[in-house]
Structures are given as C-alpha cells and as structure tokens.
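Only heavy atoms go into these numbers, but all of them, side chains included; no hydrogens, no water, no symmetry mates. Numbering of ligands and ligand atoms starts at 1, following listing order.
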Amino acid sequence: MTEKIVLAYSGGLDTSVAIPWLMDKGYEVIAVVLNVGQPDADFDAIQQKALKVGAIDSIVVDAQDEFADHYVAPVIKANALYEGDYPLVSALSRPLIIEHLVKIAHQQNATAIAHGSTGKGNDQVRFEAAIHALDPDMKIEAPIRDFHWSREEEIDYAKEHNVPVPIGKASPYSIDANLWGRANEAGILENPWNQAPDDAWGMTVAPEEAPDEPTFLDLTFEQGVPVALNDEHMPLAAMIKKLNQIAGANGIGRIDKIENRLVGIKSREVYEAPAAAVIMAAHHDLENLTLERDVQHFKPTIENKLTNMIYEAQWISPLFDALMAFIDQTQAVVNGTVKMKLYKGNAVAVARKSAHNSLYDEDLATYTSADSFDQEAAAGFIKLWTLPTTVFEQVNHVHSEEKQHD
Ligand code: ARG
C-alpha cells in the first residue's frame, strides 16, 4: 500500500518540485496551503497547480483569524520583538501551519509530513519541533534540505516532471509573508554592506516618499489586544490588514537586520511589518499608563524569554504556556485608547487614555496649585530610600585612595 504524505505547499518552485520527488519515493501527496494573509497570493491558482503537478488532493485552509487571534495577539501582549526589533513574522506562522498539517494527516491517514525548508534556516527546526510535539510517530520528509541540487538541476528536474518553471529572470529573493509582515533575504541582500534596493520592499513606501502630512489614528485595546480602529470595532486580522495599508503608505515598519539564527549563523534579512510597528508601539504606551510599576519593571524579563522561545521553535512547550499565563494576567488592566501619529517612517504615541485602569493621577503629577502630592513627605521618603551616610563615607574613602594611587 502506498503511504500518504501531507506537504506544506506554497505554490513556489521548491515545493512544486517536491511533489514529483515525493511521488518518486512512493508517496501519494496531499498538498496543503494555509492562508495566513500572505499578500497577493492567488489561492485558487496555487490549489490547482498542486493537482496539475501530481498531488492526489490539494487543500486551502483559511487560517487568518486563527493566526491573528491565537498567534499574533500573544506577541502583542508580550511586546515580543526578537533581538529588539523583529516581530517574529515567520516564526509565528510555523506552529499554526503544523497544527493544521497534523490534523489533516490524521484525518487522511497519512503517515508523514513534508516541508520545503532548507537545512540552514530556523524554519526547518520550527516545523519539525512542532511535528514532534504534536505527533512523535509522524515521519518527516524535507525534500529541499535533502535535494542537494543546484538551481540548474532543480529546473531540469522540474522540466522533466512537468512542473511549471517561472519564465524570465527568477526573483533573486527568498520571501516569506503573512498578515503580520514580510521577510526578505538572499540575492543582493546577502552582502550586508549592500543597501536594500527599492525592489526588495513590498509593503511599504520609502519614508521620504511618504505623504508630507501626518496621519493620526486611535487604537483601542481590551486586555492588551487591539479591538477598534478609530472607534470602529473589527476582528484583529482585519485591523492588521487595514493598518498595513495605512502605515505602509507612511513608510512605517521597515527593519533591515542582521540576526542570530538558532542554527548558529548570522543572517541579513529585511522585514516589513507596518501594522506591527503601530500596534506594538501603541500597546507599549498603554502599558506605561496602566501597569503597576513592579509588574511593568519585571515583565520584560518574561517577555525576553518568551520572545526567544518563539523564535527558537519552542511555541509548543509547558514553559511557554506558563510564561504566557503570566503575560495574560498582566493584561487584564491594559484597556484604553492610544492616539498614534504616523509620519514619514515613524509611528509614535501622542496621547492616551483609560477609563478604568489609568494609574496616572493628574492631581499627583501636576505642578500647578491643584497639586495633592505631599511634597513634605518626600523629604522623609528620600531619607528612608537613600543609603546611610556611612556607606557614602566608605565610598568616598575608596575613591580618594584610588586617586592617591593614580
Ligand atoms: N529569519 C526569519 C525567521 O527566522 C525569517 C525566515 C524566513 N525568511 C525568508 N525570507 N524566507 O523567522
């Protein structure tokens, strides 16, 4: 009996060539593509292409809302930016893709799952870690990693097996996109001294080409997640798409980055994440208004660990769930509205309010006569808070000794 295999399909040359390659190995191939909001994808054409190349079944899953609500929302709540600036665009979609592939594999009695990652990147680890976590008995095929073909050999193989080869000059870039953003690497970008050319960008205009007038918008959050844009309530996926348009047109969300891959090499990637830039800046600003100081000061420790876990293929793990429970607990009070100003590549918070959770007290903060802060008490507080004078005597003593030795 031939075995069935579920292939994570994109419609590109690599995963198309994988179909006859897996058939040669004796598999019946079920191609699955997830709609996670990748811009400009023609899912009908992708579905047909898989069948034409030889798949016995071709499935498209619309997972946009699931992606936004269960994968992007945690990143927003956790201010998760890998190495300070990458909002985890590709890292996020991998566990979701695998969740669906494993489900389909079980429904269709498939014994194996195939992915199209190379052997150099993070995604192979993310795919395979998730497969192992969800079904340790599932076999894994990684045709692209195991091909060891040159580009020419791949194209020859494609032609022999009736796989359509893109005509004209193939794109020099490797692009991965979803509604949270777009990652672009390879080609001319491989030399980090090369500036990214105009054609490397797909979701944003250059900041200097952006409108000369700023755009203002109000983002309303409930429990750390944006729920309304300019007072209009909408699902998170829909809001992200809208914000990608608006912020992209203002040149916002470009990230040109050298990053540490989990496989141990540094790579250069240019990212675009316009909606993420706006939402995450607004969220952080609202936390400043609503989080209690100790919680706010401690939270980045958890955030940093969570962010690295997402990047490093540990989405499905007990520690991830435990840390996320901490984050969720902190978000109960992150309710309110932030006014964002978008202008030539920058998204900044310019005003904020929270009806029930603001910890800002104007009467305490003011420098006018409305001041209710007991400034007399501050003198006593400073005495309690600062170090005893004997400590300073010691420090001064050490300093003067050092000076003498100089
Ligand atoms: N370096 C990013 C990550 O590991 C993106 C990977 C996919 N990038 C690409 N251009 N195909 O999450």
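A cation-pi contact, defined as under 6.0 Å to the ring centre and within 45° of the axis, is absent between R261 and Y311.
Looking at residues two or more places apart in sequence or on another chain, you find no ring pair (Phe, Tyr, Trp, His ring centres under 6.0 Å) involving Y27.
Between W180 and F67, the distance separating the two ring centers is not shorter than 6.0 angstrom.
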Please tabulate, line by line, the atom pairs linking an N/O of ligand 1 to a protein N/O at a distance below 3.5 Å, with the distance in Å to 0.1, or answer 'none'.
unit_1	atom_1	unit_2	atom_2	d
ligand 1	1 (N)	E259	OE2	2.7
ligand 1	1 (N)	E269	OE1	2.8
ligand 1	1 (N)	Y271	OH	3.0
ligand 1	4 (O)	N122	ND2	2.7
ligand 1	4 (O)	R126	NH1	3.1
ligand 1	4 (O)	R126	NH2	3.0
ligand 1	8 (N)	E269	OE2	2.9
ligand 1	10 (N)	S174	O	2.7
ligand 1	10 (N)	A183	O	3.3
ligand 1	10 (N)	E269	OE2	2.6
ligand 1	11 (N)	S174	OG	3.1
ligand 1	12 (O)	Y86	OH	2.6
ligand 1	12 (O)	R126	NH1	3.0
ligand 1	12 (O)	R126	NH2	3.2

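Between D176 and R94 there is a salt bridge, with a side-chain nitrogen of the basic residue lying less than 4.0 Å from a carboxylate oxygen of the acidic one. Between D123 and R126 there is a salt bridge, since a side-chain N of the basic residue sits under 4.0 Å from a carboxylate O of the acidic one.
Side chain to side chain, E232 and N230 fail the donor-acceptor criterion of an N or O pair below 3.5 Å.
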